[in-house]
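Pasting a structure below so you can have a look.
Start at 1 with the first residue, then count along the sequence. These numbers were taken from a predicted model, which means no experiment stands behind them.
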Amino acid sequence: MSKELEELDLLDTPVATEESDDPYETIKIPVISEEPPESDQTEDNGSEQELSGDVLEPQAKEQGDQSSSSLASNEEVTTSEQVSDYNLTESDTTNRYSKDYQILMDKIEALRGSLKTAVVDPTATVKAVLLPVCQEVIIPFKIDSSFKNLRDHFSYALNVPSDVLQLRCAGNILKNHETLLKYGVKPQDIVQVDIYSTLPDLYPIKRLHRLNASQIIIVKVQTAIDQYQHVAVEMIKSDFHKPFLGGFRHKLTGIEYHNAGTQTVPKKIPEKDNIFCRDTQTVLLRKKLQQTKNTTSTQMTKIGVYVSNMTDKLITPGKYFTAEEYHARRLNAVIVLQTYYRKWHAKVFVDNLRRQKMLKLKWKEEEELRKIREKEEWMKMDYLRRHNPKTKEDFELLYNALELWRQEQLECINQTFCGAERKVALCELLEKETQIIASIGRYRQIAYLANQEAIIQTFLNKCSAPKTWRRADGKIIEMETQFIIRARELQNIYKCIMLKNLSQDERLDVLLTLKHTVKEHECKLTQEILELIDREVDLMMRGVKNDNLEGLRKRIATLFFHYIKTPLFNAEVARHLKVPPDPQKFYKKIYFCYSCQLYLPSTEFAISSTAHRIYRCRNCISLDNETRQRESFLKYKYLLKRLYYSEVNYEDDSKIAFLIQLQDIQYLVENIWAAQSALSAWNDLNDLVLVRWDKAVEWSPWNCILLTKDEAAAHLKLTSIETGYEPLFIHKIKHKHILAKNYFSQIPVLASFIVDDPEIGEIRQKYQEDTSPKIIEPQIPSP
């Protein structure tokens, strides 16, 4: 052990003390012996020194326990040492051995303290980090326990097989048979262990919820005077926030002392798996027949007793019948009951059939009336479109009707006249056609001006509309800023300028208000407006008629509208003006129209799914249609919208249906399906729809069928096409699908380029919530 022990080992240790011939007095050193341990903790019995005359006899006894797990240096305590007496001089030997004895006792006391620490708390604090969630779990763990226990603990907590979990400490993989002692971990140390899964896809590591993290600390407690004891305390982190219980502050030092309270962990009530069963809800019954005694008595008339016979009854026996007769009577009664029951059941069944028949006939009548009503509404709308055209589709109807009339007249002329008379009739027909075309042009100009005025009013209403928010209770909050108020003032002035049939004084007041409003800003536009106002006032004072001032007033209104659209004069209008596109991006999307010889953006070209190149813009195609074919695409637009509504309801990200154009729908209906229903041959396009042939597959020209609305509803209810139709009909439909697939072979390639096209999403959103339209909303026509 120490140098002093080595010196003591060199000495001879006799069993009995011998006397020396030295005249000096001798010193006796007691034997230091080791006894077997009586408990887990080392006890010290103390030492005693006795002085008898000039002789000093120190004695010491010590009890200890050896623990191989707590000794890091693997030192061994000497089991038994005996030191014999030596004859030394009194002055030298006394001081020497006193000092050596004190050093020896200090070493033994330090060794005993390390043994106590190892026996009291042989645990360390393990901080487990769950990867990749990075959750820390602090638990106490014995340093001599194998890592298999730690792995099994977290396998149960994480619901992950133990062979999948991997433990890692300081970059080393921990094995099951290893312990913390192997890695030099001492009691009360804190070590970090990373836990992760070797199969994160099958068994991922998840966070542990409602986890009470605990930690072990060692507290030194004073048990008596100059006596201390080490106590292991487990700290459990609670979820709730401890309240502030008050305290006090030291006046001199300023240190604050807070009151504190502790509470032990409450005992958990074990959860019951299932307390509901038949045994607790069913009463156990037992059936047993018993016959009790009933004592009766009779009283007869005798001497001294009179019993009245007024209530007596005379009972005569009936006709006797056998068991067969009894069962036959019961059978007849059962037959009668069954007869009446079946009669009642038949009545109920017939009443239900009669009710269902009435409901079906009523539904058929309502459907017929609905179809008639829809037909009348369509005819009425068609009549209004022809007599009061406003949109581009309306003028297509007019040109289509003109073409039909021209062909009818031409056929009549060819059948009736010949030679010079036929040429004269053709000239008259051409003159009438020219007059009708001119009349249609005048209607178009009127519609264009009306639509332009409506556009201007809509724009001004947007600029002057207040900002709105919807509260949680459903009420709407409106707010008007200073810019909105300014925009509303300018809108009111513009409306006053556009009013007609005003008197001269009223017109002068309007012009004066306009003049004061425009004077606020000085620029070329305001100067021109002021000059026109002064000119109109001068002409009005000279007595010029209002009809002659119409052009001047239109110029004033147009310039003032430009004044309103300038953000410098009207700040609110900046939120509603279209921002010009980036020139660099704009140049990449410009194409040349070979018909009108103009460079136009890509949005001005209508591309068919079967086209290979871009030749003509939309305006040139529309102009060519008006001059040559004069076809009306209104019914095909209606059919295409119905297709959009039906495909949006499937919600399976179909793309081909939203790539089909009007020309494609026209070819598909006229050339593939012959413009009639595949089942009933109904040829009214207003009643036809294009639905999926196999509803589990995306809509495409080779997976569709043209049916009426009722037939389409019945077709979509079929669970199997093979059981719903005959093989010959299925073969006919498959043949049409092959023709459509050969013609529209470029559509799948085109669909692959627009997987993330936002325009497809906009079309879906447009037809997502609205119901199927019966009448197409009018749009602003082109001039």
Q: State which residue, out of Asp687, Asn686, Asp684, fulfils the side chain to side chain donor-acceptor pair (under 3.5 Å) condition with Lys375.
A: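 Answer after filtering Asp687, Asn686, Asp684: Asp684.
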Q: Decide, yes or no, whether a salt bridge links Lys641 with Glu647 under the criterion of side-chain N to carboxylate O below 4.0 Å.
A: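 Salt bridge absent between Lys641 and Glu647.
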**Q.** Any donor-acceptor N or O pair under 3.5 Å, side chains Trp702, Ser700
**A.**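 Yes.
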Q: For side chain to side chain donor-acceptor pair (under 3.5 Å), just list the numbers for Asn625 and Arg630, CA-CA rounded to whole Å, side-chain angles, deciding distance to a tenth of an Å, and then say yes or no.
A: CA-CA 5 Å; Asn625 181 43; Arg630 293 176 181 174; over 6 Å; no
Q) Does a salt bridge link Glu396 with Lys392, judged by any charged N lying under 4.0 Å from a carboxylate O? A)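 No salt bridge links Glu396 with Lys392.
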Q) Under 6.0 Å between ring centres, would you say that holds for His715 and Tyr725? A)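 His715 vs Tyr725: aromatic centres under 6.0 Å.
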Q. Could you give the distance from CD (Glu403) to CG (Leu410), rounded to the nearest 0.5 Å?
A.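 Glu403 CD to Leu410 CG: 9.5 Å, rounded to 0.5 Å.
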Q. Given the side-chain rings of Tyr383 and His387, with only the six-membered ring counted for Trp, is the space between their centroids under 6.0 Å?
A.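 Under 6.0 Å, so yes.
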**Q.** Centroid-centroid under 6.0 Å between Tyr638 and Tyr636 rings
**A.**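 Centroid distance Tyr638-Tyr636: not below 6.0 Å, so no.
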Q) Is any side-chain N of the basic residue among Asp394 and Arg386 closer than 4.0 Å to the acidic one's carboxylate O? A)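 Salt bridge between Asp394 and Arg386, a charged N being under 4.0 Å from a carboxylate O: no.
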(Q) Enumerate the ring pair (Phe, Tyr, Trp, His ring centres under 6.0 Å) contacts for residues 400-419, please, sequence neighbours excluded, ordered by first and then second residue. (A)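 Every candidate ring pair (Phe, Tyr, Trp, His ring centres under 6.0 Å) pair involving residues 400-419 fails, so no pair, neighbours aside, qualifies.
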Q | Ring-ring centroid check Tyr644 Phe658, cutoff 6.0 Å | A |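 Ring centroids of Tyr644 and Phe658 are less than 6.0 Å from each other.
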Q: Scan residues 697-720 for pairs that pass salt bridge (Lys or Arg N to Asp or Glu O under 4.0 Å), counting only residues two or more places apart or in two chains.
A: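 Counting only pairs at least two positions apart or across chains, the salt bridge (Lys or Arg N to Asp or Glu O under 4.0 Å) contacts touching residues 697-720 are Lys371-Asp710.
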Q. Looking at Arg354 and Asp351, does any basic side-chain N land under 4.0 Å from a carboxylate oxygen?
A.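 Result for this pair is yes, salt bridge flagged.
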